[in-house]
Structure formats: C-alpha cells, structure tokens
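For the numbers below, each heavy atom of this structure counts, side chains included, while hydrogens, waters and symmetry mates do not. To find a chain, count down the sequence lines: A is the first, B the second, and so on, and within it residues start at 1.
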Amino acid sequence: MNRSAPSIPRARRETDLVMEATGLVKRYGHVTALAGTSLALRPGEILAVIGDNGAGKSTLIKCLSGAVVPDSGEIRVDGKVVDFAGPLDARRVGIETVHQHLAVAPSLDIASNLFLGRERRRPGLPGTLLRMLDKKGMQADAQVHLNRLGIMTIQNPRQIVETLSGGQRQAIAVARAAVFGSRIVIMDEPTAALGVRESNAVLDLVERIRDEGLSVILISHSMPHVFKVADRIQIQRLGRDVCVVKPSETTMTDAVAIMTGATASPAYADAQTGA
Amino acid sequence: MTNAIVVADDVGTAPRGRSWTETVRRLLHSNETLGPSAVLLLAVITFSIIAPHFGEAANVSLILQQTAVIGALAVGQTLIILTAGIDLSVGGIMVLSSIMMAYLSVSHGVPAALALVIGFVIGTACGLVNGLLVTFLKLPSFITTLGTWNVFFALNLYVSKSRTIIGLDPLLTLPGSTFTVFGTTVTLGSVIMLGLFVVVAYLLQMTQFGRHVYAVGGAEEASRLSGIRVRRLVLSVYALAGFIFAIGAWIQMGRLASASPQIGTTYNLDSITAVVIGGTSLAGGRGRILGTLVGALVVAVFRNGLALARVDVLWQNFAVGVLIIVAVGIDQWIRKVKS
C-alpha cells in the first residue's frame with residue numbers, strides 16, 4: 001500500500017461531509033463509553049467536541065483515529081465506509097491525530113520527529129542497499145514546513161526536541177499532523193499542558209491548518225479555546241452527542257449547562273443538519 | 001560522524017550570568033562523549049604515574065585485548081539500554097555460546113566453521129528469548145535477564161560439565177591471532193570489536209532502524225502512535241544483541257585459546273559500566289555508541305591499571321562499582337538541563 005497518497009479524492013462541494021460517524025458504540029466491560037454517538041465533519045472547518053469527564057470524547061477520538069475499534073456503528077470518509085483496524089489504516093486515508101500527551105520523541109531532533117515512522121531514504125544505492133536516510137532532504141523539508149506553518153520560534157530543525165518548551169513540542173506534534181494529514185487532523189487536548197502564550201500559538205496553528213483546507217476535530221476542556229477557534233461545537237454527554245452549536249449563536253454558560261445536563265438539549269440541534 | 005546531529009550552537013551563546021555548573025552541564029548535555037573522554041584521559045594519566053609498566057607497548061596491547069571482549073559485549077548492551085531495557089544475561093549468553101562452539105567442535109567433531117555458525121545462532125536465539133519475554137509477556141527486562149542469566153549459565157555448566165574445553169580449532173581462536181601496528185601488538189579480536197562499533201554506529205546514526213531505537217527508548221507510546229512497530233523493533237534489538245554477544249564469545253576464545261565455563265561473571269557489570277560511563281542513559285533514548293567504546297576503554301584501563309598497581313581483584317570490583325554509580329549520578333544530573 002502506498003502510505004502517502006490517500007485513495008479517496010477530496011470532497012468537492014461545501015456540503016459534502018469529509019467524515020461522518022453514525023451510531024458508534026464502545027463498551028469496556030460493564031462501562032459504556034460510547035452509547036451511539038454520531039459526528040459530522042465538513043470540509044475546511046474546525047469542529048470542537050466538548051463534554052464533561054466520561055462523556056466519551058476520548059473514546060470517540062480513538063474510534064475516529066483507528067486507535068480503538070468500535071463495537072458497532074459506521075464511519076464514512078468522503079462518503080465511503082472505512083474500517084480501521086489500527087492507526088495506520090486511518091493514516092492511509094489522510095487522517096492524522098495529535099494525541100493528548102506530548103507525542104514526540106524527546107531525544108531526537110525536530111526533523112526526525114516530523115518524519116518519525118515515515119523516514120525517507122536516499123535515492124540510489126546508498127538508500128536501497130545501505131538503507132541510508134536522506135537526512136539533509138528531510139531537514140530541508142522540515143524547515144520549509146515549519147516556515148509555512150509559521151512556527152517561527154523554531155530556528156533549526158536539527159535542534160533536539162528535549163531542549164524545546166512544552167508549547168514548542170506541541171507545535172511539532174501539531175505540525176507533523178498538518179504536514180502529513182491530507183484530509184483530517186484530529187487533536188485531543190492540544191493545549192492541556194500549555195501556558196497562555198503557548199496555547200495561543202497552538203490555536204493560531206490550528207486555524208492556519210483549517211485555512212489550508214483541512215478539516216479539524218478539536219477536543220478541549222477549555223471553553224475559551226473552543227469558542228475562540230471552533231466553527232461548530234458538538235456537545236457530548238454520557239456517551240451520546242447531545243447537540244451541535246455555533247459559537248456565534250450560543251454562550252459559554254449555555255454550552256456548559258448542556259454539557260453538564262443542567263439544560264436539556266435546546267433548539268440548536270438543527271445546526272447539526274442544516275444551516 | 002557520530003557527532004553529526006549534536007547541536008552545539010547553544011553552548012557558545014550562553015548568557016554571562018549563568019553559573020559555571022550550568023555551563024558544564026550544558027556542555028556535557030550537548031556533547032555526550034566529552035565526559036567519558038575526560039574520564040579516560042584522567043584515568044590514563046593517573047595510572048601512568050602510579051602503576052609501573054602501565055604505558056609500555058606490551059601493556060597497551062594487553063588493554064586493547066581486554067577492551068575487545070568488554071567492548072563487543074558493550075555494543076550489544078548499548079542497543080538494549082537505548083531501548084530503555086537492560087541485559088543482565090550478557091555473560092550467560094557469551095559463555096553458553098562459546099562453550100557450545102567449543103563443545104560441538106572438540107567433542108563431536110563438528111566442523112569448526114559450522115560450530116561457529118551454530119554458536120552465533122545460539123547467541124541470537126538466547127537474545128530472542130529475552131526479547132520475547134520482554135515484548136510479548138511484558139516482563140521487566142531487569143528481572144527477565146536476571147532469570148535467563150541463571151538459565152544460560154546452568155546450561156553452560158551442564159554442557160561443559162564445568163570443565164574448561166581446550167585444544168580448539170584454529171578457526172575458533174582466530175580472533176586471538178596478532179599483527180603489529182607501530183610496535184604495538186594488535187589482535188584480530190580488537191579489529192572485529194572496532195568493526196562492530198562502526199557497523200552499529202552506522203545503523204544507529206544513518207538508518208531508520210537507529211532512529212526508531214532512539215524513539216522507542218525515549219518515548220515508547222509516542223513511537224507506537226507514530227506507526228513504529230515497537231514490539232518488532234525491540235525484539236530485533238535483543239536478537240541482534242544476542243548475536244553480538246556470540247561474537248564477543250568468539251573474541252574471548254581467541255584471547256584464552258580455550259572455552260571456560262567459569263568466565264563471564266564480571267561481564268554483566270563491566271558491559272553496563274562501559275555503556276553508562278560512555279554517556280548512554282539507563283532511562284533509554286539517549287547516548288552514543290562511540291561513548292561506549294570510550295567507556296569500555298575506561299573499564300579496561302581501570303582493571304588493568306589497578307592490577308599493575310598491585311591492587312587486589314576485590315578492590316578492582318570495588319572501583320568499577322563506584323565508577324558505575326558515579327556515572328549514573330552524573331547522567332541524572334545532566335538530564336536535568338534546562339531548556
């Protein structure tokens with residue numbers, strides 16, 4: 001299989017869904033983590049998923065990124081049903097995931113981290129016979145990508161990741177997803193471990209990824225972050241998707257009320273299908 | 001070559017207010033072979049003064065021979081420690097491989113070349129057993145290899161009936177053959193050992209395999225999520241290390257011109273000491289194979305120098321024990337470097 005080239009063409013119209021999940025169920029023993037969750041992701045949007053602890057956010061993300069196989073339910077990418085047996089399957093159709101904990105290898109340099117698991121070898125005999133890595137090429141490409149994504153604070157792609165700040169490391173993880181994700185980037189709490197300035201830098205990066213035409217699913221506990229960047233917000237509660245709201249049409253207080261079950265699902269629910 | 005990806009440009013631009021301890025720490029952090037090289041230099045100078053005959057050509061040649069075995073074993077040990085594991089069965093694998101080679105060749109008339117190959121296969125298989133226990137049963141490498149060390153050592157005593165095997169085929173003692181370079185006698189074993197360093201340095205620095213060894217050792221979960229098949233990688237590391245330990249067994253037979261079932265007890269500590277002094281972190285994911293070569297030289301120089309200074313063997317072990325604790329302590333301190 002060719003890893004780099006997704007087999008599914010890009011969605012053409014705005015109304016086509018990039019990803020659609022219906023009736024996802026996942027149980028761990030007696031615990032039902034997902035009790036029939038659906039999700040619809042449009043082209044070039046940031047869809048935030050919020051919910052209290054135990055609402056099933058992480059399990060949902062794991063199903064969509066191939067890390068967990070749901071017990072039942074269906075996932076479609078560009079209208080075609082997909083069956084992810086592992087994270088690599090999701091990658092092959094252009095889905096990249098930034099996991100909650102800083103998913104970088106601290107002892108490697110920035111370029112090596114960007115290309116981790118996808119290293120390129122030199123052309124010709126050095127690459128085929130001696131399996132020699134194309135270090136220079138990967139470093140040059142890393143520099144290009146970092147510049148394009150506006151990660152200006154990072155000067156040298158040969159810098160060891162261990163010496164970077166938490167925000168810079170997270171930027172590397174996000175950049176990797178942005179560089180290799182050809183359709184969808186999923187982010188699980190990308191700002192959880194970061195300070196204010198670092199969070200803002202990562203959020204800017206998320207918007208830039210969206211502006212490049214990718215669709216983003218963003219999980220976050222931070223309401224201000226969600227309301228700052230999301231185009232739509234899906235609210236999860238007790239393993240189900242309660243409703244989808246727009247940040248421009250709802251307040252943080254309302255969203256939290258729905259999230260915690262203080263308010264029943266409002267009339268915003270139609271935002272999920274129409275508008 | 002091995003320093004190719006070390007970034008040192010933050011060292012020169014240190015602000016003036018920084019304390020000298022922090023400067024030293026940064027220097028050691030960005031240049032991993034600097035510390036071990038300093039220790040080696042210090043050891044050589046010290047022993048040149050206190051130990052008679054230390055600096056003579058014959059003794060230098062002896063140190064190189066002693067380094068050949070420790071160095072070869074330490075190459076395999078480095079690979080395993082880089083994946084955040086440890087191998088305490090090094091001596092067991094080595095001694096079992098060498099006894100099997102000698103036993104098959106001498107007692108059963110198996111052609112020496114075949115016996116040699118079988119010995120390599122046995123070493124690899126022992127490594128594979130360790131790897132399978134560590135990856136698939138998820139046992140801690142420390143306990144696993146402590147157990148397999150006893151198993152391998154017992155098998156070795158059973159096969160050899162606790163007796164040293166002599167009268168080996170010239171092929172089995174080939175690493176003991178010597179030639180002279182600049183008045184110093186060098187054994188083929190030392191050359192084989194250096195060859196191992198070059199090959200493994202290449203693997204670690206220039207190939208995907210090496211990248212993944214560092215990645216898995218430093219952040220296993222992140223590596224798995226990046227699509228690296230972690231278990232397969234770790235398994236291959238243990239198997240490769242087992243093969244390297246068997247090469248160490250061959251070099252050892254060359255040195256002794258026999259296969260002894262009782263050697264190998266100090267090699268666990270010596271190989272780990274070489275790796276740790278060489279600047280490789282026991283936490284995994286950090287270190288350079290070149291440092292291990294320096295570390296192996298340090299261990300050999302310590303043992304040799306103390307012997308020449310007529311220090312009892314028990315104090316040699318004492319010194320190596322202190323050495324490893326100091327090295328681990330320094331490593332802990334270096335890794336706390338601020339960004």
Side-chain angles (χ1 to χ4, degrees), chain A residues 3 62 65-67 86-92 96-122 126-127 130-136 138-139 155-166 168-169 172-173 176-177 180 188, chain B residues 1 3-11 13 25-26 29-32 81-84 198-199 202-230 232-233 279-281 283-288 331 334-339:
Chain A
R3 264 201 231 168
K62 282 178 184 159
S65 64
L88 283 178
D89 289 344
R91 260 192 190 183
R92 285 193 188 107
E96 283 291 322
T97 310
V98 180
H99 292 275
Q100 182 166 2
H101 301 290
L102 303 166
V104 288
S107 55
L108 296 180
D109 62 21
I110 292 167
S112 303
N113 263 288
L114 269 186
F115 285 91
L116 190 60
R118 287 180 253 249
E119 289 84 356
R120 272 202 323 250
R121 287 204 291 266
R122 279 206 203 162
L130 298 174
R131 324 286 284 176
M132 196 184 273
L133 289 174
D134 181 17
K135 283 190 187 180
K136 290 250 163 62
M138 287 192 284
Q139 278 157 9
Q155 302 291 329
N156 183 353
R158 284 176 25 180
Q159 194 173 349
I160 306 295
V161 164
E162 211 168 23
T163 63
L164 298 177
S165 71
Q168 288 173 322
R169 290 189 203 191
I172 301 298
R176 180 167 64 192
F180 292 101
D188 191 4
Chain B
M1 180 196 72
N3 283 334
I5 64 166
V6 171
V7 181
D9 42 16
D10 58 339
V11 175
T13 57
R25 175 146 76 178
R26 278 178 168 264
H29 187 266
S30 57
N31 202 338
E32 287 151 321
I81 290 180
L82 279 176
T83 66
V198 171
V199 169
Y202 178 84
L203 282 177
L204 284 177
Q205 297 302 320
M206 305 304 282
T207 72
Q208 189 179 41
F209 170 80
R211 280 295 156 83
H212 290 180
V213 167
Y214 280 103
V216 167
E220 184 177 330
E221 186 62 11
S223 305
R224 196 181 66 80
L225 294 170
S226 302
I228 297 172
R229 277 175 279 194
V230 172
R232 210 176 70 165
L233 183 92
T280 295
S281 169
R286 250 181 67 83
R288 295 265 174 272
D331 173 58
I334 292 172
R335 278 189 297 122
K336 282 191 208 130
V337 72
K338 295 183 195 81
S339 61

Per-residue tally against chain B (heavy atom, under 4.5 Å) across A:A67, A:P106, A:S65, A:G86 peaks at A:P106
In terms of heavy-atom pairs under 4.5 Å with chain B, the winner among A:R120, A:R131, A:M132 is A:M132
Taking every heavy atom of B:R286 against every heavy atom of A:S107, the minimum-distance pair comes out as CG-CB, 4.2 Å
Within the 3.5 Å criterion, strictly below it, is a donor on B:R211 or A:S112 matched to an acceptor on the partner's side chain? yes
One option among B:G287, B:G210, B:S281, B:G285 has the most heavy-atom pairs under 4.5 Å with chain A, and it is B:G285
Could you check whether any side-chain heavy atom of A:R121 comes within less than 4.5 Å of a side-chain heavy atom of B:T207, counting everything from C-beta outward? no
For B:Y202 and A:L130, the nearest pair of non-hydrogen atoms, with its separation, is OH-O, 2.8 Å
Cut-off 4.5 Å, heavy atoms of chain B, and the answer for A:R176 is side chain
Salt bridge (charged side-chain N to carboxylate O under 4.0 Å, His left out) filter on A:D188, not counting sequence neighbours, yields none
By salt bridge (charged side-chain N to carboxylate O under 4.0 Å, His left out), B:R224 pairs with (sequence neighbours left out) B:E221
key: B:L225 and A:T97, any side-chain heavy atoms less than 4.5 Å apart   = no
(message) Less than 4.5 Å apart, side chain to side chain, heavy atoms only: is that true for A:H99 and B:S226?
(response) no
What one should report as the nearest heavy-atom pair of B:A219 and A:A105 is CB-CA, 4.0 Å
Could you please spell out the steps behind the side-chain contact (heavy atoms from CB on, under 4.5 Å) verdict for B:H212 and A:L116? CA-CA 8 Å; B:H212 290 180; A:L116 190 60; 4.1 Å; yes
